[in-house]
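For reference, the structure is listed below as structure tokens.
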Amino acid sequence: MYDVNKIREDFPIFALSINGKPNTFLDSAASAQKPKIVIDKMNDMYLHEYANVHRGSYLLSEEITSAFEQARATVQKFVNASSSSEIVFTRSATESINLVAASWGHKFLKASDEVLISEAEHHANLVPWQVLRDEIGFKLNICRVNDDGSFDMEDFRKKLSSKTKLVAITGMSNVLGTIFPLKEIINLAHAKGAKVLVDACQLAVHQKIDVKDLDCDFLAFSGHKTYGPTGIGVLYGKYELLDSMPPYQCGGDMVDTVTYEHTTFDIPPARFEAGTPAIVEAIGLAEALKYLMSLGQDNITTHENELTAYAIKQFSQIKGLHQIGTAQGKGGVFSFVVDGIHPQDLAFILDKEGVAVRVGHHCAAPLVKRMGYSSVARASLGLYNTKEDIDILVKAINKAKTFF
Amino acid sequence: MTIDELIENFSFLDTWEDKYRYLIELGEKMPPLPESYKTAPWQVKGCQSQVWLVPSKEEDRLHFLGDSDAAIVKGLISIVLLIYDNKSPSEIKAVAVDDIFAKIGLKEHLSPSRRNGLEAMVAKIRQYADIL
């Protein structure tokens, strides 16, 4: 039984009122709130167990190294990777994607190749490929989404060719809420010999991830969206791929032997973790992932799907509200505009009612433009949201309408 | 209207609802910015709505026209222009804009994280005061 009111008590921030109103947090797609166990775990590490990892031959360093590597094993379990050596800790999902672009991209992409992304990519999975394209000269193709936000499989098939060396694609759009048919995309891409990078920033929050079942080559997600701390991200890569890649940054903790003349590099994942990593953040992330697994990711998905259906129904009853992204089976991300109200004005009024939503282009400016807007409001769900949150949002939108 | 009159008008408004309604009204009363100015050179960046600011100089005094596609932001712009319009560059530099917004009860709108363009607009006005 998924008791959302009890689960909310795990998140200290919801005890806080906002502008004298209940804290109606509907911006988890930007960053999720943290359960107390994550905060406590990180505090505890600093208070009682802190030292650097992979260096000291003393008790504290050995203990924290073991906790850090256990955190890696937790991530491995979370995405169902074959080995914890396939898990690279990064600073963010953005860095994970940049790592693949800089390391794998530089080594394996040539001017005659093609990279295929979708219209629904946020800037983190668009800009690194544009920059690399300008450097290497490959062709960057962009496959379409339909007007309802669903994935245009026909266009994808058309743009996928034997020249395509990489498909870099989101699992779930941060603007439209569309869940992309990853297995089909990956099967088709592999049939043409392309590698596939999945941007799972949104997907990992809402659904169970299984990299073995997906058979993706790379997968990136961030800590702070999955109820963990900021400053930590994950890159999953198939081991043989990671092993074929050169280092991304250089420094300590990623070398095998170093002389003044020459250096040989460590094996993955250490090869990609130069310098002191975000130790406590990695351990905090593992705590968040354990929390998600203990709630049961299928239970979270069921709860959020119910809320999503409820929200879509409630929104459809607001006159003048237009939902952007109405694909079948979409997740809990709702972009919308209301006739006669600028999204920025709407957000000012919602804020006064204690409702947090995001406005603007959501770091996916070309997508928002493709859907016909320059700025939209977005409400997004987390595992702690309730029907009451949706009701408060709807009431606040209706109140905003009386201002204009 | 002077800035003191504006502060007094706001002091009669007890709720945020009334303050926001008055802001929207102030925006509606602002002289319209000709469409020809709603272009990239006059756009103030760093905003979640579109904001435009057009300066001019008459003798030693600066004048500003402004606009936004968002109604509350437009009201906030009208206050900024009331504060800065028809002042010399040195007067512009001397304005304690934070204090004025605090007195009006809208201080939160000047915070950099709000990204509603107000802070960027004030910076731009001060920049124009330097170069014009």
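- Within residues 9-18 of chain B, the residues that have a heavy atom under 4.5 Å from a heavy atom of chain A are B/Trp16, B/Glu17, listed by number.
- Interface with chain A: from residues 21-32 of chain B, residues B/Arg21, B/Ile24 qualify, criterion being any non-hydrogen pair under 4.5 Å.
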**OP:** Please test B/Val122 against B/Ile125 for side-chain contact (heavy atoms from CB on, under 4.5 Å), starting from the C-alpha separation and ending with a verdict.
**Re:** CA-CA 5 Å; B/Val122 170; B/Ile125 287 173; 5.6 Å; no

**OP:** For side chain to side chain donor-acceptor pair (under 3.5 Å), just list the numbers for A/Ser96 and A/Thr90, CA-CA rounded to whole Å, side-chain angles, deciding distance to a tenth of an Å, and then say yes or no.
**Re:** CA-CA 6 Å; A/Ser96 300; A/Thr90 61; 2.9 Å; yes

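- Residues A/Gly284 and A/Pro229 come closest through the heavy atom pair C-CD, 3.7 Å.
- With salt bridges taken as basic N to acidic carboxylate O contacts below 4.0 Å, none links A/Lys34 and A/Asp10.
- With respect to B/Arg61 and B/Asp85, no salt bridge is recorded, no charged nitrogen being found less than 4.0 Å from a carboxylate O.
- Using a 4.5 Å cut-off between heavy atoms, A/Leu346 does not touch chain B at all.
- For the residue pair A/Phe334 and A/Ala311, the shortest heavy atom distance occurs at CZ-CB, 3.7 Å.
- Nearest heavy atoms, B/Ser68 versus B/Ile77: CB-CD1, 3.6 Å.
- Side-chain contact check for A/His362 and A/Asn174: no donor-acceptor pair (N or O, by modelled atom type) lies under 3.5 Å.
- If you look at B/Phe64 and B/Tyr84, their ring centroids are not closer than 6.0 Å.
- Taking each heavy atom of A/Thr94 and A/Ala124 in turn, the nearest pair found is OG1-CB, 3.6 Å.
- The minimum heavy-atom distance linking A/Leu307 with A/Thr386 is given by the pair CD2-C, 3.5 Å.
- Among residues 397-404 of chain A, the residues having any heavy atom closer than 4.5 Å to a heavy atom of chain B are, in sequence order, A/Lys399, A/Thr402, A/Phe403, A/Phe404.
- Of all non-hydrogen atoms in A/Gln33 and A/Tyr384, the two that sit nearest each other are N-OH, 3.0 Å.
- In terms of the side-chain contact (heavy atoms from CB on, under 4.5 Å) criterion, residue partners of B/Leu82 (sequence neighbours excluded) are, by chain and number, B/Ile3, B/Leu6.
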